[in-house]
Amino acid sequence: MITALLVNGVQLEGAMEGILHYIKPDFARLQSVDVWADAATQIFFSLSITMGGVITLASYNHFYNNTMR
């Protein structure tokens with residue numbers, strides 16, 4: 001399935017531009033605050049999804065269970 005999606009994606013219009021942009025990034029954009037703000041937003045979204053799973057799994061733990069052991 002992944003191979004089929006890869007072949008389909010490479011055949012789309014503008015795919016070569018995207019691949020070249022991935023291989024040769026514009027390092028001058030790293031000086032922009034907007035890039036770092038977007039990166040921080042992505043990190044917080046990823047952490048919020050992860051913490052939801054941690055809280056769900058923690059709800060199955062007994063309150064007086066010694067988790068440090």
**Q.** Separation between OG1 of T3 and CG of N8, rounded to the nearest 0.5 Å
**A.** 12.5 Å

Q.
Once rounded to the nearest 0.5 Å, what's the spacing between atom CE of M1 and atom CG of L6?
A. 13.0 Å

Q. Once you round to the nearest 0.5 Å, how far does CH2 of W36 lie from CZ of R29?
A. 12.5 Å

Q: Step by step, work out the side chain to side chain contact (heavy atoms under 4.5 Å, CB included) result for I43 and S46.
A: CA-CA 5 Å; I43 289 171; S46 298; 5.8 Å; no

Q) Looking at G9 and A15, what are the two nearest heavy atoms and their distance? A) O-CB, 3.4 Å

Q. To the nearest 0.5 Å, how far apart are CG in D26 and NE2 in H21?
A. 7.5 Å

Q. According to a 4.5 Å side-chain heavy-atom criterion applied to Ile, Leu, Val, Met, Phe, Trp and Tyr, with indirect links allowed, do F27 and L20 form part of one hydrophobic cluster?
A. no

Q. Who else is in the cluster with I23 when I, L, V, M, F, W and Y are joined by side-chain contacts under 4.5 Å?
A. I19

